[in-house]
Amino acid sequence: MALLLNSTITVAMKQNPLVAVSFPRTTCLGSSFSPPRLLRVSCVATNPSKTSEETDKKKFRPIKEVPNQVTHTITQEKLEIFKSMENWAQENLLSYLKPVEASWQPQDFLPETNDEDRFYEQVKELRDRTKEIPDDYFVVLVGDMITEEALPTYQTTLNTLDGVKDETGGSLTPWAVWVRAWTAEENRHGDLLNKYLYLSGRVDMRHVEKTIQYLIGSGMDSKFENNPYNGFIYTSFQERATFISHGNTAKLATTYGDTTLAKICGTIAADEKRHETAYTRIVEKLFEIDPDGTVQALASMMRKRITMPAHLMHDGRDDDLFDHYAAVAQRIGVYTATDYAGILEFLLRRWEVEKLGMGLSGEGRRAQDYLCTLPQRIRRLEERANDRVKLASKSKPSVSFSWIYGREVEL
């Protein structure tokens, strides 16, 4: 595949190298890089009673870090494009937001707390519904929930984008209003799934909560370069990926007999679909205004690869936690390599990349050619990866997940 794949060979990528990207072992320039470890600090203490406390404060670093990031690659000329789009965004982007009073809230799907007898009855009903759902489903649902709970990272990342970020925390530009309101809508997803999983009694919430804290502390490697072209291409892809993932967890919940959980996942999927439509409209407008710059940005993001936002996930135990979670998601059909290729095909059609005309530069035409043949190359790689999985399937490796009290799940 003509994508810059990481050199890490993980369980998930052994099963299918397109499902997930783990923390890279090498830089894109090929220089060696070792996974960072917790910083061990030793010092001569002037006050022995404070030694442990001071050391603990100094030794915290993200379990997984992002090396060699490129920043601020957009030109002033292209920044002006986003300034000129503010009226368009006001009229066309903000319409995809729902008023708070018309929006669902997590409590709409959860046991009522104002009636003690009814509350305990509803919790028992919830636990009875989830009792027979298999562990592999809960691993994927927890991973999806943790991804949603890392929302502070995503808002922060969007607010690094030059030309469209919220400069004050309360800016009234349409770009800033969108980011805050989008964050507010997305915030309900993690809240709802977290509470439902807690009430189910099926998962070890302390390890789940540790994973959330680790993930937010680690951040993400978005490869945006502070460039809004890259940022909105990524969010278009990612929102469709989460729409697919939550939609598939809804279907599986139905087969397991938990119609309430199915409705929860389906409702979240509907939000993701609406947000996907908004982000794809932004990129569609960029293709209209600046087709050459936009097609080059799209090719650049695909060469760097669209990484999942929770790829730095860690629970304090498993250094390859994200890859293991992604492998289970691939196996049970929640999010697969086929979905990755399908999302790209969908976006290429949506933005009519193949129909871009004579206005492209030489670099733009090369980007167009690369993108239009990329889905086929991805699918060929997928077929070869699936063949390798079939050959190795006799061993059926499994991994212990702290999220489900250390029980093992097949990858």
Side-chain angles (χ1 to χ4, degrees), residues 19 98 102-113 118-151 185-205 208 211-212 238-277 308-310 325-336 338-340 342-343 346 401 403-405 407 409-410:
V19 182
K98 284 192 172 182
S103 297
W104 64 266
Q105 298 300 332
Q107 188 55 51
D108 298 338
F109 301 88
L110 296 168
E112 294 289 344
T113 58
R118 182 61 181 145
F119 173 76
Y120 288 116
E121 180 183 336
Q122 290 178 332
V123 170
K124 184 180 184 305
E125 291 170 358
L126 187 158
R127 291 190 169 216
D128 288 341
R129 290 196 306 269
T130 60
K131 188 181 301 181
E132 301 303 323
I133 297 177
D135 280 343
D136 52 12
Y137 179 86
F138 276 104
V139 165
V140 175
L141 191 63
V142 168
D144 287 355
M145 180 269 281
I146 289 169
T147 301
E148 296 285 354
E149 289 280 55
L151 187 62
E185 290 191 349
E186 289 276 333
N187 187 64
R188 300 167 303 157
H189 301 172
D191 280 354
L192 175 53
L193 290 174
N194 193 315
K195 291 171 182 174
Y196 198 87
L197 286 165
Y198 166 72
L199 291 173
S200 76
R202 289 293 306 277
V203 302
D204 186 334
M205 288 305 298
V208 170
T211 308
I212 295 168
Q238 188 56 46
E239 292 284 8
R240 185 160 185 83
T242 51
F243 157 66
I244 291 169
S245 179
H246 288 299
N248 285 331
T249 55
K251 292 175 185 176
L252 285 173
T254 299
T255 65
Y256 298 138
D258 192 339
T259 56
T260 300
L261 181 55
K263 186 176 180 182
I264 287 171
C265 295
T267 300
I268 293 172
D271 272 1
E272 305 290 5
K273 179 62 176 175
R274 178 164 47 86
H275 296 158
E276 171 213 318
T277 303
M308 298 299 104
Y325 145 68
V328 178
Q330 161 83 15
R331 181 175 60 77
I332 70 173
V334 168
Y335 183 74
T336 70
T338 300
D339 295 321
Y340 185 92
I343 292 169
F346 172 85
F401 282 89
W403 303 338
I404 52 171
Y405 299 96
R407 293 191 295 274
V409 170
E410 179 187 332

Residues that D135 engages under side chain to side chain donor-acceptor pair (under 3.5 Å), provided they are two or more places apart: R202, R407
Quick one: are F138 and V409 in side-chain contact, heavy atoms under 4.5 Å? no
Just wondering, do I244 and N248 contact through their side chains at under 4.5 Å, heavy atoms? yes
In this structure, are over 12 heavy atoms from other groups packed under 6.0 Å from K263 atom NZ? no
If I take atom NZ from residue K273 and atom CZ from residue R240, how far apart are they, to the nearest 0.5 angstrom? 4.5 Å
Can you spot which of L192, T249, T259 makes a side chain to side chain contact (heavy atoms under 4.5 Å, CB included) with I264? L192
Could you report the tightest heavy-atom contact between Y405 and V203, atom names first, then the distance? OH-O, 3.1 Å
Test side chain to side chain contact (heavy atoms under 4.5 Å, CB included) applied to V208 and M145, step by step: CA-CA 9 Å; V208 170; M145 180 269 281; 3.4 Å; yes
Side-chain heavy-atom pair I212, N194 within 4.5 angstrom cut-off: yes
Which heavy atom in G266 sits nearest to a heavy atom in A250, and how many Å separate them? N-CB, 3.6 Å
So, taking the atom named CD in E276 and the one named CD1 in I343, what distance separates them when rounded to the nearest 0.5 Å? 8.5 Å
Trace of the side chain to side chain contact (heavy atoms under 4.5 Å, CB included) decision for Y325 with T211: CA-CA 12 Å; Y325 145 68; T211 308; over 6 Å; no
Evaluate V328 against F401 for side chain to side chain contact (heavy atoms under 4.5 Å, CB included), listing each step before the verdict. CA-CA 11 Å; V328 178; F401 282 89; 4.0 Å; yes
To the nearest 0.5 Å, atom CG of D339 lies from atom CZ of F243 at 10.5 Å
Inter-residue atom distance I332.CD1 - E410.CD, 0.5 Å rounding: 11.5 Å
Taking all non-hydrogen atoms of both residues, which atom of R188 and which atom of W104 are closest, and how far apart? NH1-O, 2.6 Å
For the side chain of Q330 and the backbone of V334, is there at least one donor-acceptor N/O pair under 3.5 Å apart? no
Between S245 and E272, is any pair of side-chain heavy atoms under 4.5 Å apart? no
Determine whether T147 and D144 satisfy the following criterion, side-chain hydrogen bond (donor to acceptor under 3.5 Å, both in side chains), listing intermediate values before the conclusion. CA-CA 5 Å; T147 301; D144 287 355; 5.3 Å; no
State whether the number of non-hydrogen atoms from other residues, nucleotides or ligands found under 6.0 Å of F119 atom CZ is greater than 12. yes
Over all heavy atoms of both residues, which pair between A269 and G247 is shortest? Give the atoms and the distance, please. CB-N, 3.7 Å
So do P134 and Y256 actually touch side chain to side chain, heavy atoms under 4.5 Å? yes
Could you state the interatomic distance from CD (E112) to CD (Q122), rounded to the nearest 0.5 Å? 6.0 Å
For the backbone of Q105 and the side chain of D108, can you confirm whether one donor and one acceptor N or O come within less than 3.5 Å of each other? yes
Test log, rule salt bridge (Lys or Arg N to Asp or Glu O under 4.0 Å), inputs D271 and R274: CA-CA 5 Å; D271 272 1; R274 178 164 47 86; 2.8 Å; yes
For a 4.5 angstrom cut-off between non-hydrogen side-chain atoms, does L141 reach Y196? no
Pair D258, Y137: side-chain N/O donor-acceptor within cut-off below 3.5 Å: no
Below 4.5 Å, heavy atoms only, C-beta onward: do I268 and L193 meet side chain to side chain? yes
What is the ring orientation for H189 with H246, classed by angle as parallel under 30°, tilted 30 to 60°, or perpendicular over 60°? perpendicular
Got more than 12 heavy atoms from elsewhere within 6.0 Å of OH, Y198? no
Side chain to side chain contact (heavy atoms under 4.5 Å, CB included) between E149 and D191: does it pass, once the steps are laid out? CA-CA 7 Å; E149 289 280 55; D191 280 354; 4.2 Å; yes
Would you find a donor on one side and an acceptor on the other, under 3.5 Å apart, between the side chain of S200 and the backbone of L197? yes
Could you tell me whether K124 and E121 make a salt bridge, using a distance below 4.0 angstrom between a side-chain N and a carboxylate O? no
